[in-house]
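Working notes for the structure below.
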Amino acid sequence: MSRTPRVTAVGKQVKDILDLLSSDPHKPFTFQDIQNRISIDVAKNNNLVQALKSNMMIRFEEPNILYYKPAHVLKSKEDLYEKISSSYEGISEDILKGSYRGVEEDLKDLVSSGKLISIQDTDSKQHIIFPKDPRYHMAIIEEFKNLWSSIRIPDEVDFEAHMNKAGLGLMQVEKRKQPIQKKKRKERATKKVTNVHMIGMDDNNNNKAPRR
């Protein structure tokens with residue numbers, strides 16, 4: 001039974017292909033391999049081909065053979081630790097995946113042993129790996145730890161109830177309606193129109209012809 005190719009946006013297709021390539025970064029993948037594994041027909045989508053060629057984490061060899069190109073050239077656990085130790089802004093775990101065979105196991109070992117710190121980003125849900133700098137280590141007394149752990153953070157419903165009970169209702173910002181400014185009518189310039197046949201006659205009709 002043949003699979004039905006998925007119809008997805010180009011960006012999502014590139015992400016799926018990158019995940020496939022990074023699962024075995026040293027293995028070449030043909031267009032046919034990609035279609036068989038994740039049901040994306042690369043050959044018939046020129047926009048997808050161009051997007052893959054312009055991606056910095058994909059290396060093309062021949063018209064239809066792709067390799068995963070890791071963002072960092074690492075070959076061992078020591079290289080991995082040295083790279084993260086010099087990156088104080090942290091490195092995404094997804095970027096490190098595929099650097100070499102066994103990198104994910106080495107990451108877990110370095111984090112569990114306390115040599116590195118893994119923090120999950122609340123927005124992207126990605127795990128960011130940080131170096132564990134001993135300069136920022138400090139001793140915390142047990143009493144403070146217990147006090148910190150005992151503090152319960154109220155949820156939104158409880159928080160609003162406590163605010164109302166204390167007479168501190170949540171602020172509501174109302175948008176003020178801007179007064180509608182009426183457009184001023186442009187005054188038309190009045191032009192004095194004079195009949196040609198009336199030229200020479202004053203406004204007081206002094207030049208009227210005398211009655212007979």
Side-chain angles (χ1 to χ4, degrees), residues 1-136 153 155-157:
M1 181 178 178
S2 61
R3 293 186 180 183
T4 303
R6 293 179 296 174
V7 180
T8 56
V10 171
K12 178 64 167 58
Q13 291 176 325
V14 171
K15 174 66 167 59
D16 292 343
I17 293 173
L18 268 174
D19 290 342
L20 174 63
L21 299 181
S22 64
S23 65
D24 197 346
H26 303 285
K27 175 184 176 181
F29 286 86
T30 65
F31 287 174
Q32 189 61 49
D33 293 333
I34 295 172
Q35 185 170 6
N36 293 341
R37 294 281 297 274
I38 56 177
S39 302
I40 296 178
D41 192 349
V42 181
K44 293 183 179 180
N45 191 335
N46 185 59
N47 291 334
L48 178 58
V49 173
Q50 297 305 318
L52 293 172
K53 287 184 176 181
S54 62
N55 193 290
M56 297 178 62
M57 300 182 72
I58 297 177
R59 176 166 58 92
F60 265 82
E61 284 192 6
E62 301 181 14
N64 64 340
I65 298 179
L66 287 73
Y67 283 88
Y68 181 75
K69 185 180 179 182
H72 304 287
V73 180
L74 307 172
K75 297 181 180 180
S76 64
K77 185 176 182 179
E78 290 72 23
D79 290 345
L80 177 65
Y81 178 71
E82 183 178 349
K83 179 64 181 178
I84 299 176
S85 296
S86 61
S87 303
Y88 290 97
E89 70 280 4
I91 302 178
S92 171
E93 184 178 353
D94 291 343
I95 294 178
L96 294 170
K97 288 180 179 179
S99 298
Y100 60 90
R101 295 182 189 275
V103 65
E104 295 183 43
E105 289 74 14
D106 288 345
L107 269 175
K108 290 179 181 178
D109 182 59
L110 289 170
V111 171
S112 61
S113 63
K115 293 182 178 180
L116 298 175
I117 301 173
S118 177
I119 299 177
Q120 186 178 27
D121 187 277
T122 55
D123 296 326
S124 64
K125 303 304 180 184
Q126 292 183 348
H127 286 272
I128 312 299
I129 312 300
F130 292 91
K132 193 170 184 179
D133 195 330
R135 293 178 299 174
Y136 301 109
I153 300 176
D155 55 28
E156 293 183 4
V157 177

What heavy-atom pair brings [X] and [Y] nearest, and what distance separates the two atoms?
| X | Y | answer |
| --- | --- | --- |
| H72 | S99 | O-OG, 3.8 Å |
| P131 | Y88 | CG-CD2, 4.0 Å |
| V49 | F60 | O-CZ, 4.4 Å |
| V10 | A51 | CG1-CB, 3.8 Å |
| L18 | N55 | CD1-ND2, 3.9 Å |

Please examine the side chains of V103 and L74, heavy atoms only from C-beta on, and report whether any two atoms are closer than 4.5 Å.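 The answer is no; the side chains never approach within 4.5 Å.
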
Evaluate the side-chain proximity of I91 to I128: yes if any heavy-atom separation is below 4.5 Å, no if none is.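 They are not in contact (no side-chain heavy atoms under 4.5 Å apart), so the answer is no.
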
At what distance, to the nearest 0.5 angstrom, does [atom1] of [X] lie from [atom2] of [Y]?
| X | Y | atom1 | atom2 | answer |
| --- | --- | --- | --- | --- |
| L52 | I17 | CG | CD1 | 4.5 Å |
| D79 | D106 | CG | CG | 10.5 Å |
| E104 | E93 | CD | CD | 6.5 Å |
| T30 | I34 | OG1 | CD1 | 7.0 Å |
| I95 | M57 | CD1 | CE | 6.5 Å |
| F31 | K44 | CZ | NZ | 13.5 Å |

Between the side chains of K15 and D19, is the shortest nitrogen-to-carboxylate-oxygen separation below 4.0 Å, so that they form an ion pair?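 Here D19 pairs with K15 in a salt bridge, since their nearest N and O are under 4.0 Å apart.
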
Salt bridge (Lys or Arg N to Asp or Glu O under 4.0 Å) between D16 and K12, intermediate numbers included: CA-CA 6 Å; D16 292 343; K12 178 64 167 58; 3.0 Å; yes

Check against side-chain contact (heavy atoms from CB on, under 4.5 Å), L66 and D33: CA-CA 10 Å; L66 287 73; D33 293 333; over 6 Å; no

Looking at Y100, does the NZ or CZ of K75 lie under 6.0 angstrom from its six-membered ring centre and within 45 degrees of the ring axis?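 The answer is no; the distance or angle limit is not met.
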
D24 versus Y68, side-chain donor and acceptor atoms under 3.5 Å: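 The criterion, which ignores hydrogens and geometry beyond distance, is not satisfied for D24 and Y68.
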
Mind checking side-chain hydrogen bond (donor to acceptor under 3.5 Å, both in side chains) for K27 and listing every partner two or more places apart, or none if nothing turns up?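 Checked K27 against side-chain hydrogen bond (donor to acceptor under 3.5 Å, both in side chains); zero matches.
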
Checking I84 against L96 for the side-chain contact (heavy atoms from CB on, under 4.5 Å) test, could you report, in this order, the C-alpha distance in whole Å, the side-chain angles of both residues, the deciding distance, and whether it holds? CA-CA 10 Å; I84 299 176; L96 294 170; 3.8 Å; yes

CD/Q50: more than 12 non-hydrogen atoms of other groups inside 6.0 Å: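 Yes - once you tally the heavy atoms of other residues, nucleotides and ligands closer than 6.0 Å, there are more than 12.
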
Side chain S87, main chain E89, donor-acceptor under 3.5 Å: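 No.
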
Could I get the full list of side-chain contact (heavy atoms from CB on, under 4.5 Å) partners for K69, not counting sequence neighbours?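 Listed in chain order: R59.
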
Does the side-chain contact (heavy atoms from CB on, under 4.5 Å) test come out yes or no for I65 and Y67, once each step is laid out? CA-CA 7 Å; I65 298 179; Y67 283 88; 4.0 Å; yes

Would V42 and Q13 satisfy side-chain contact (heavy atoms from CB on, under 4.5 Å), going step by step from the backbone distance to the final call? CA-CA 9 Å; V42 181; Q13 291 176 325; over 6 Å; no

Donor-acceptor list for residues 112-120 side chains, cut-off 3.5 Å, not counting sequence neighbours:
unit_1 : atom_1 : unit_2 : atom_2 : d
S112   : OG     : K108   : O      : 2.9
S112   : OG     : D109   : O      : 3.1
S113   : OG     : D109   : O      : 2.9
S113   : OG     : L110   : O      : 3.1
S118   : OG     : H127   : ND1    : 3.4
Q120   : NE2    : K125   : O      : 3.1

